[in-house]
Protein chains: 2
Amino acid sequence: MSKSATVVALGKGERTAAKIREVALDQFSRLGFERAAMGAIAAAAEVSQATLHYHFQDKDQLWRSAMLELAAVISEEERLLSAARDASPLAQLRMAMRLFLQISWRHPALGRIVALEGMAGGERLDWLNEHLLGPRNRRLAELARRAMAAGDLKPFPPEMLVITLQAGAAGVINLAPLMRSAFGIDPDTVEGRAAHEDLILNALVQGLLADRSETTEETP
Amino acid sequence: MSKSATVVALGKGERTAAKIREVALDQFSRLGFERAAMGAIAAAAEVSQATLHYHFQDKDQLWRSAMLELAAVISEEERLLSAARDASPLAQLRMAMRLFLQISWRHPALGRIVALEGMAGGERLDWLNEHLLGPRNRRLAELARRAMAAGDLKPFPPEMLVITLQAGAAGVINLAPLMRSAFGIDPDTVEGRAAHEDLILNALVQGLLADRSETTEETP
DNA sequence: AGTTTTCCTGATTTGATACTCAAAAATCAG
DNA sequence: CTGATTTTTGAGTATCAAATCAGGAAAACT
């Protein structure tokens, strides 16, 4: 046993394992499962490749372990949302979108992995759904359904709506390299993030069309 | 020289090359560049692996060649859009979205590849931008800019708007596996596509909020 | 027909990557 | 400090995928 007075002192093993998970999460998210090489992860974590296999049986286990880091992130959102359970479904949806944006900017790996595995399908996607995506998505879809029932949202297939909102919101974050290559713009700046949040919450949730009844001046 | 009277008769070589490109496009888009194996492509195209290297020097060239197939698709959109050059920027944007949806359903490979490479960055993304993505994106951004100048759109960074629209619209298409795994729903059906087009054009372009001034009944 | 050119393939080489293992090094408890 | 335990590693294996090449089949041309 080894604890310091204030902070839990991790044993050496757990410390390197944590570092490996961190590096692995980054690489998996940026490159995808196959492109991310154990050797590269080891190098980035400044350990030998064999150390990876000491802490995690194989690449697949490492991936799963790294993903479970993200579970904590998602459960944070769940906690905040459940605290506001008495708000209207639409208000909850809006809040979920805001949380989604904040979390996505803080942990861009999440969105990239969902996109990568969500396109490819397969075992890892099923695992993701079972362990950290499915419940959240179904909860959001249910919120959308209720918002529609309340007449706050136009009636659309709620599952499509949820996926579309998330994909649209994550687009600018996930496709930052594309924005750099196509426009020479880096969206990940203070102003960029603010503009993005503004865009999503206004454009996607309130509509892209300017209200033509009150034209001319105004700077909202 | 070898042409038939009515149709250009492709030489044997060009025929197999075309088949290889077709198969390769599918595999690259579904699996990504690295996961797609030359052996599997060869098998699917019913030729030997060496044949791939006869027609295309290496995997990279094959990828580029397959991508150029998509250039035709995009130029079709360009043609239709330029025919309507005198419409308002907003109308053109709307039309572009509709075209984007149709084309994306018909060629799901396009969106998947843009997403894959757009997240990863690197040489292939730069190549894509230079050869078949950049001009289109800049044109759309310019349309958005003009729609904003005309007061039809709220003022947002036009590049972000374009990316968000595309990502949101392609979301349901690209993430079909996720929708199956999470919701047990297959969006790629006749009704699914219709609902999707409805969702995007209404929700993303006209706003998600129902007009509360005219509540109660109505079934639009 | 015969001849030339194009096209295709089996066998092989090259390179990279996940994974193993025995032994060394670091860590920790008493 | 000392011995036991945990952690790390260098070296090595097995596997799989990309790329090469020489020889032979098919097509095109005269």
Side-chain angles (χ1 to χ4, degrees), chain A residues 1-5 7-28 30-67 120 122-124, chain B residues 1-5 7-67 116 120 122-124:
Chain A
M1 310 290 139
S2 54
K3 294 189 177 191
S4 88
V7 181
V8 179
L10 301 169
K12 193 181 189 223
E14 192 43 50
R15 236 179 305 134
T16 60
K19 172 134 190 205
I20 290 170
R21 266 191 294 267
E22 183 190 340
V23 169
L25 184 60
D26 178 65
Q27 305 240 350
F28 279 134
R30 219 194 310 282
L31 306 171
F33 183 81
E34 0 280 325
R35 232 194 286 218
M38 296 294 270
I41 294 173
E46 293 171 309
V47 293
S48 85
Q49 198 169 341
T51 302
L52 266 56
H53 285 96
Y54 171 75
H55 289 282
F56 312 92
Q57 293 92 313
D58 56 20
K59 195 178 178 183
D60 220 72
Q61 288 298 319
L62 173 56
W63 185 87
R64 281 169 162 74
S65 184
M67 287 315 116
E123 273 187 27
R124 283 193 299 277
Chain B
M1 317 279 144
S2 56
K3 295 188 177 191
S4 87
V7 181
V8 179
L10 299 169
K12 190 179 190 225
E14 192 44 50
R15 238 179 304 133
T16 59
K19 172 134 190 202
I20 291 171
R21 266 192 294 267
E22 183 191 338
V23 169
L25 183 61
D26 178 66
Q27 305 241 350
F28 279 134
S29 77
R30 218 194 311 281
L31 306 172
F33 183 81
E34 358 281 323
R35 234 195 285 217
M38 297 293 270
I41 295 173
E46 292 170 312
V47 293
S48 85
Q49 197 168 341
T51 302
L52 266 56
H53 288 280
Y54 171 74
H55 288 283
F56 313 92
Q57 294 92 312
D58 57 18
K59 195 178 178 183
D60 220 73
Q61 289 298 320
L62 172 56
W63 184 87
R64 282 168 162 73
S65 185
M67 289 314 115
L116 280 167
E123 274 186 26
R124 283 194 299 277

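A note on names: the letters A, B, ... follow the listed sequences, proteins ahead of strands, and every chain is numbered from 1.
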_The criterion is side chain to side chain donor-acceptor pair (under 3.5 Å); which residues satisfy it with A/His55, sequence neighbours excluded?_
A/Thr16

*asked:* Please determine whether a side-chain nitrogen or oxygen atom of B/Thr16 lies at a distance below 4.0 Å from atom OP1 or OP2 of C/dC7.
replied: no

*Does OP1 or OP2 of D/dT6 have a side-chain N or O of A/His55 closer than 4.0 Å?*
no

*Any chance you could list the contact pattern along nucleotides 9-26 of chain D? Use B for base contacts, S for sugar-phosphate-only contacts and - for none, protein heavy atoms under 4.0 Å, 5' to 3'.*
BB-------BBBB-----

*Determine, for B/Glu34 against B/Lys59, whether the closest basic-nitrogen to carboxylate-oxygen distance falls under 4.0 angstrom.*
no

_Under the side-chain contact (heavy atoms from CB on, under 4.5 Å) test, residues paired with A/Asp60 that sit two or more places apart_ = A/Phe33, A/Asp58, A/Arg64, A/Arg124

*In the structure shown, which nucleotide is the Watson-Crick or G-U wobble counterpart of D/dC16, with both distances under 3.5 Å?*
C/dG15

*Separation of atom NZ in A/Lys19 from atom P in D/dT8, rounded to whole Å*: 12 Å

*Whole Å only: how far is the CD atom of B/Glu14 from the P atom of D/dA28?*
13 Å

*asked:* Tell me every residue that passes salt bridge (charged side-chain N to carboxylate O under 4.0 Å, His left out) with B/Arg30, counting only those two or more places apart in sequence or in another chain.
replied: B/Asp26

*Gap between atoms CD1 and C1', on A/Ile41 and C/dA16 respectively (whole Å)*: 15 Å

*Apply side-chain contact (heavy atoms from CB on, under 4.5 Å) to B/Ala40 and list each qualifying residue two or more places apart in sequence or on a separate chain.*
B/Gln27, B/Ala37

*Determine which pairs satisfy salt bridge (charged side-chain N to carboxylate O under 4.0 Å, His left out) with at least one residue from residues 41-50 of chain B, sequence neighbours left out, and list them in order.*
B/Lys19-B/Glu46

